[in-house]
Amino acid sequence: MALAARLGRSVTWGRAAACGLRLLTRTSGSCARCGRWRARGVEVAWNPGFLKRGPFFSVLSVLGFETYQVLSQTAVVHATAKVEDILEQADYLYESGETEKLYQLLTQYKESEDAELLWRLARASRDVAQLSGTSEEEKKLLVYGALEYARRALDKNQSSSAAHKWYAICISDVGDYEGIKAKIANAYIIKEHFEKAIALNPKDATSIHLMGIWCYTFAEMPWYQRRIAKMLFATPPSSTYEEALGYFHRAEQVDPNFYSKNLLLLGKTYLKLHNKKLAALWLLKAKDYPAHTEEDKQVQTEAAQLLTGL
């Protein structure tokens, strides 16, 4: 309606033919040698047939540029609105546990330049890779694809906590296919991006939990891997169970009972520290955690087994 009103207010058909050329000449004049009219900063090329179409053509050129400006602004608004709609739908599917539907939705926009959409696609690709029905060949493709989406998200927005988090997660996943040397080398990069994610969003319990997993992993690194690490690096990555425990508790303080695996790892870390009483407390919470995903079910099973061992 606004566009139609603008065009309607400009000139009537009869007045366009009568005043169009005057409008142009008053505005900027002509240049016969270069064969162009300049009207309101817009160049309008012409040819010998110009005078036959003349003033009407000139007015349409000006109006056409104004129309282009309006439509371009409208397209940007619509594109932004569309991305917001996609993200809203994606988040709903994620919360509903619709892993495959979410992946199908987001892969339609894999060429997007939007960081928020790309890190969600990285997450969805990784989630599909972890489904029990995914073949090993498909899993590998999905894992490497997830890393590429996460890298692109980070390139688009270095201030995105989620982009740093998922980039670190995806690098870790790729390490499973590239051997112990690459995995240890990537450990520094992974830690750096988890720390950036936490700094950008201190209220993200998941990033804090993942930093705890990083600490736990290097605290329990087997002796032969430690030897390899010392051969490859002057100062190989290392951590302690106490550090891991601190991150797991911090995640729980930020968002209590947010994740079954955080409860499980609190129990397992206390076991490593030989505190069976507190280990049993957290393992029982993990066993009783409502199972919404396949991972929750696996956590319940492992927690029950560990409790039996106590």
Chemist: Looking only at non-hydrogen atoms, find the nearest pair between L102 and A90 and report the distance.
Modeler: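 Closest heavy-atom pair between L102 and A90: CD1-O, 3.4 Å.
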Chemist: What I'd like to find out is whether the side chain of W282 reaches to under 4.5 Å of the side chain of L264, using heavy atoms alone.
Modeler: no
Chemist: Show me the side-chain donor-acceptor pairs of residues 195-205 shorter than 3.5 Å, one per line, residues at least two apart or across chains.
Modeler:
residue, atom, partner, partner atom, Å
K196, NZ, E192, OE2, 3.1
N201, OD1, K203, N, 3.2
D204, OD1, T206, N, 3.2
D204, OD2, K165, NZ, 2.9
D204, OD2, S207, OG, 2.7

Chemist: A side-chain contact here means heavy atoms from C-beta on lying under 4.5 Å apart; do Y149 and W166 qualify?
Modeler: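 They are not in contact (no side-chain heavy atoms under 4.5 Å apart), so the answer is no.
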Chemist: Among the clusters formed by ILVMFWY side chains lying less than 4.5 Å apart, do L142 and Y94 turn up in the same one?
Modeler: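 L142 and Y94: one cluster.
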Chemist: Is there side-chain contact between L283 and L271, with at least one heavy-atom pair below 4.5 Å?
Modeler: yes
Chemist: Would you say the side chain of T107 lies within less than 4.5 Å of the side chain of L121, judging by non-hydrogen atoms?
Modeler: yes
Chemist: Residues two or more places apart in sequence or in another chain: which of them pass side-chain hydrogen bond (donor to acceptor under 3.5 Å, both in side chains) with D114?
Modeler: none
Chemist: Partners of Y259 by ring-ring contact (aromatic ring centres under 6.0 Å, His included), sequence neighbours excluded?
Modeler: H209
Chemist: Taking only residues at least two apart or on different chains, which pairs with a member in residues 235-244 satisfy salt bridge (Lys or Arg N to Asp or Glu O under 4.0 Å)?
Modeler: none
Chemist: P222: which residues meet the side-chain contact (heavy atoms from CB on, under 4.5 Å) condition with it, sequence neighbours left out?
Modeler: Y224, Q225
Chemist: Please answer: with hydrophobic residues joined when any side-chain heavy atoms are less than 4.5 Å apart, are L245 and V299 in the same cluster?
Modeler: no
Chemist: Specify the closest pair of heavy atoms between N157 and A115, including all atoms of both residues, with the distance to one decimal.
Modeler: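 Looking at all heavy atoms of both residues, the closest pair is CB-CB, 3.7 Å.
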Chemist: Tell me whether Y144 shares a hydrophobic cluster with V128, the cluster being built from Ile, Leu, Val, Met, Phe, Trp, Tyr side chains joined at under 4.5 Å.
Modeler: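 No; tracing contacts between hydrophobic side chains, which count when under 4.5 Å, never links both residues.
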Chemist: Can you list the residues that meet the side-chain hydrogen bond (donor to acceptor under 3.5 Å, both in side chains) rule with R152, with sequence neighbours excluded?
Modeler: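 Expected list: none.
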Chemist: What residue pairs, at least two apart or across chains, pass salt bridge (Lys or Arg N to Asp or Glu O under 4.0 Å) with a residue in residues 291-306?
Modeler: K268-E302
Chemist: Under a 3.5 Å cutoff, is there a donor and acceptor pairing between the side chains of Q305 and T308?
Modeler: no
Chemist: Where do A244 and G212 come nearest, in terms of heavy atoms and distance?
Modeler: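 Minimum heavy-atom contact is CB-O, 3.5 Å.
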Chemist: Parallel, tilted or perpendicular, judged at 30° and 60°: which one describes the rings of F248 and Y216?
Modeler: tilted
Chemist: Is atom CD of E137 surrounded by more than 12 heavy atoms (other residues, nucleotides or ligands) closer than 6.0 Å?
Modeler: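 Open.
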Chemist: Who passes ring-ring contact (aromatic ring centres under 6.0 Å, His included) against Y103, sequence neighbours left out?
Modeler: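 None.
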Chemist: Considering all heavy atoms of both residues, which atom of I86 and which atom of L105 are nearest to each other, and what is their separation?
Modeler: O-CD2, 4.2 Å
Chemist: Among the clusters formed by ILVMFWY side chains lying less than 4.5 Å apart, do I180 and F218 turn up in the same one?
Modeler: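 No, because I180 and F218 fall into different hydrophobic clusters, even though each may have its own neighbours under 4.5 Å.
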Chemist: Hey, does the side chain of T134 reach the backbone of Q130 with a donor-acceptor pair shorter than 3.5 angstrom?
Modeler: no
Chemist: Any ion pair linking E220 and K272 (charged N to carboxylate O, less than 4.0 Å)?
Modeler: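 Yes, this pair counts.
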Chemist: Can you list every pair that meets salt bridge (Lys or Arg N to Asp or Glu O under 4.0 Å) and has a residue in residues 274-293, with sequence neighbours left out?
Modeler: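 Sorted pair list comes back empty.
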Chemist: For H164, enumerate each residue passing the ring-ring contact (aromatic ring centres under 6.0 Å, His included) test, keeping only those at least two apart in sequence or located in another chain.
Modeler: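 Only H193 meet the ring-ring contact (aromatic ring centres under 6.0 Å, His included) criterion with H164.
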Chemist: Would you confirm whether E252, through its side chain, and N257, through its main-chain N or O, come within 3.5 Å as a donor-acceptor pair?
Modeler: yes
Chemist: Would you confirm whether N275, through its side chain, and L278, through its main-chain N or O, come within 3.5 Å as a donor-acceptor pair?
Modeler: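 Looks like yes, one N/O pair under 3.5 Å.
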Chemist: Using a 4.5 Å cut-off on heavy atoms from C-beta on, say whether the side chain of L307 contacts that of L310.
Modeler: yes
Chemist: Can you list every salt bridge (Lys or Arg N to Asp or Glu O under 4.0 Å) pair that touches residues 90-101, not counting sequence neighbours?
Modeler: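 Listed by first then second residue: D91-R120.
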Chemist: Tell me if a side-chain donor or acceptor on E138 pairs with a main-chain N or O of S135 at a distance below 3.5 Å.
Modeler: yes
Chemist: Are the side chain of Y247 and the backbone N or O of W214 linked by a donor-acceptor pair below 3.5 Å?
Modeler: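 No, Y247 side chain to W214 backbone: no donor-acceptor pair under 3.5 Å.
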Chemist: Who passes ring-ring contact (aromatic ring centres under 6.0 Å, His included) against Y92, sequence neighbours left out?
Modeler: none
Chemist: Look at the side-chain heavy atoms of Ile, Leu, Val, Met, Phe, Trp and Tyr, link any pair under 4.5 Å apart, and say whether I169 and I184 land in one connected group.
Modeler: no
